[in-house]
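Predicted, not measured: the structure shown is a model, and the values here were computed from it. Below, read A as the first sequence line, B as the second, and so on, with proteins coming before strands; counting in each chain starts at 1.
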Protein chains: 2
Amino acid sequence: MTITINDIAEKAGCSRSTVSRVLNNKGYVNEETRKRVEKVIKEYEYSPSATARSLSKKDSNTIGVIIPEADNDFFGEILKGISQVVDQNDMTLIFCDTDNNMGKQERALNMLKGQRVKGLILTPVNDYSDKESANRVRRQLDNLMVPVVILDRQMEYSQWDGVFFENFRGAYAGTEVLIKEGHKKIGIITGDLNLKIGRDRYRGYVQAMEDFDIPIQDQYIFEGNFSEEKAYDLMKECIESGNIPEAMLTCNNRTTLGFIRALREYKLNLGKDIAAIGIDRIKILDTLGYNFSYIERDTIEMGRTAMYRLLERFQNPNKNREISIMPFNIVLKGSEKLKATSKANNME
Amino acid sequence: MTITINDIAEKAGCSRSTVSRVLNNKGYVNEETRKRVEKVIKEYEYSPSATARSLSKKDSNTIGVIIPEADNDFFGEILKGISQVVDQNDMTLIFCDTDNNMGKQERALNMLKGQRVKGLILTPVNDYSDKESANRVRRQLDNLMVPVVILDRQMEYSQWDGVFFENFRGAYAGTEVLIKEGHKKIGIITGDLNLKIGRDRYRGYVQAMEDFDIPIQDQYIFEGNFSEEKAYDLMKECIESGNIPEAMLTCNNRTTLGFIRALREYKLNLGKDIAAIGIDRIKILDTLGYNFSYIERDTIEMGRTAMYRLLERFQNPNKNREISIMPFNIVLKGSEKLKATSKANNME
DNA sequence: GTGAAAGCGCTAACAG
DNA sequence: CTGTTAGCGCTTTCAC
């Protein structure tokens, strides 16, 4: 049905080896025959089967990408970045969304193994219900026998290249901003402390507080899990207790949203009733002109970087393990002096 | 290097046909041999090459997805929906982001042809710089020789199945809400009128106005292009002119954002100084408790539906062309009586 | 310069 | 029930 290399060879009056040569621009081939073959190829709109080609070359040109939630701005941008570089390098991207579900992640890995991908970019799920599964994932990755780049969420005890955010320093910097603004009662809504990324951010906060000799008050440590819902519940509780901190650090975009939702529900004014700084940019807040200060990273670039790491690894399989740490940027939406974290907000 | 079906056959002391039979659970195979083979497979963590399998079966189990912007909530959710169904059906998803660029789209189509995908879900780019390209795309799609489902952005003169939004009726309904609220001076920031989707929404507005005998005033027709920037510019201009309508219909999520940004910049209060309703939900506005009324669709379901259409087409290649129109839902954030579109907003 | 032949890993008749 | 054989569409020696 579909047209094959043999068809082209026949029409062009040569062998398929010759067609293959012009296709791959490799080996000697007479200028005239080349023209002839090329003409036939164009005429029939022939496009060689990547499948057959991979099989024959034992090399696939395909990379797998596993992310936990495509419907999250953050990962949408990551995906865009990866996709750009994949495209530039004439590769193919197989996409999997795990929904943060360990079972789906295992299936995805299995599928990608079957597809014989050439490399993998993975943001592991954060499902810790099953103690065994972390090891099982590690084994699956080994079993893949191809380079892997871990993205955003650190996997412990792994030998893979990785691209991460400066979690510790980012959180430290955010906390420092609040401190320098003169606050003492500084709280934090943490991420999931089962995740290294969550712990690192928390440690950044702790370290900053210690470095500036500000006592940490347990009542202002709110242990969240990176979800909006949890952050909302925690903040609500905090507000109802009547004992709210002067300032708050929120540990990711979802957390920030839950935090703001609670404030709004209780008619508290961000920047007046409570100061705050968050990790992650929330583009729409800027668009709306809502003054919320944050620690941002270039997410699309993060995706690109992951892909670059993979390409380098293809080039040089034996090079040392490489961890890329994406820099952060402090965006203050406060007073002119950049001292206040968030000036009073009036939506409308 | 990687382990093949032959290795398994050898270890299990049988022929590769037998292994193939147990792999595919097809044909007769002795219970004992089956056990033996399965054991070896598990032991070596063997996973058959999808590549070789496709080549042999002349059938790929892979579908291609081309979307214009992964870093847009809307398409993130679409992708999630598609991915869910792909996963449920043990298929593989090849992802391409065109950046709304015609050249990239052509390359993507080419690549997918080479990959011999079994089907394609496409949201065409909206780049109209080149008159020829629309035809070229149509030819490329034909040339693919596999089922295609067009998603969200209608392609004219195409024979493919499609999944779209009720553009006309959605816009009509939104306009109707504004009319029934008692407004006469009702404006619209349209989408790109080069796109059918843009024209349909505009027509919905016009029709509603006519049906209710409200004169349409040219000064209140703002021709946008679905981008936030353009909507912002238009609204800004409108405000500066000093002649703003009583109510406004904004034709997609980006447009709504530009519109709101302009209002905020000029300290106009949505719901008080101007009423409005938009097309597309903007999740974060709800999260933040910002009262903006809108016409919504279930985006994840839209993605799923596209995939269902494809699966049905695989089942029955000759069935009639099918267009799925996703229903809409009116979400009013106004008075208790659901009359007002947006009550006065105070962000904080 | 070019073709013949072998092989990539798997499936699918077809014998036995 | 199982093995043999012949491909699937392409690349890659290796002669000529």
Item to check | Whether B/Asn61 side chain and B/Asp90 backbone form a donor-acceptor pair below 3.5 Å | outcome: yes
Item to check | A/Glu38 and A/Lys35 ion-paired at < 4.0 Å | outcome: no
Item to check | Min side-chain heavy-atom separation A/Gln105-A/Ser133 under 4.5 Å | outcome: no
Next on the checklist: Other residues, nucleotides and ligands only: do more than 12 of their heavy atoms fall within 6.0 Å of CZ on A/Arg139?
Outcome noted: no
Checklist outcome for this item: Protein heavy-atom contacts under 4.0 Å, written 5' to 3' over nucleotides 9-16 of chain C as B (base), S (sugar-phosphate only) or - (none), form the string BBBBB---
Checklist entry - Hey, what bend do you get for the helix from C/dG1-D/dC16 to C/dG16-D/dC1 if you fit axes on five pairs at each end, rounded to 10°? => result 40°
Item to check | B/Met91 vs B/Met307, side-chain contact (heavy atoms from CB on, under 4.5 Å): CA-CA, chis, key distance, verdict | outcome: CA-CA 11 Å; B/Met91 304 190 68; B/Met307 194 55 203; 3.9 Å; yes
Checklist entry - Along DNA chain D, 5' to 3', what are the outermost nucleotides having an atom less than 4.0 Å from a heavy atom of chain B? => result D/dC1 to D/dG9
Checklist entry - Just checking, any donor-acceptor pair under 3.5 angstrom between side chains of A/Arg116 and B/Thr2? => result no
Next on the checklist: The test is side-chain contact (heavy atoms from CB on, under 4.5 Å); show your working for A/Leu151 and A/Phe75 and say whether it passes.
Outcome noted: CA-CA 10 Å; A/Leu151 185 65; A/Phe75 290 108; 5.7 Å; no
Checklist entry - For A/Thr33, which contact category applies under a 4.0 Å heavy-atom criterion: base, sugar-phosphate, or nothing? => result sugar-phosphate
Checklist entry - Does NZ belonging to A/Lys42 count more than 12 external heavy atoms closer than 6.0 Å? => result no
Item to check | Worked verdict on A/Asp97 versus B/Leu79 for side-chain contact (heavy atoms from CB on, under 4.5 Å) | outcome: CA-CA 9 Å; A/Asp97 184 323; B/Leu79 184 58; over 6 Å; no
Checklist entry - Passes side-chain contact (heavy atoms from CB on, under 4.5 Å), B/Asn126 versus B/Asn194? Steps please. => result CA-CA 9 Å; B/Asn126 56 11; B/Asn194 286 315; over 6 Å; no
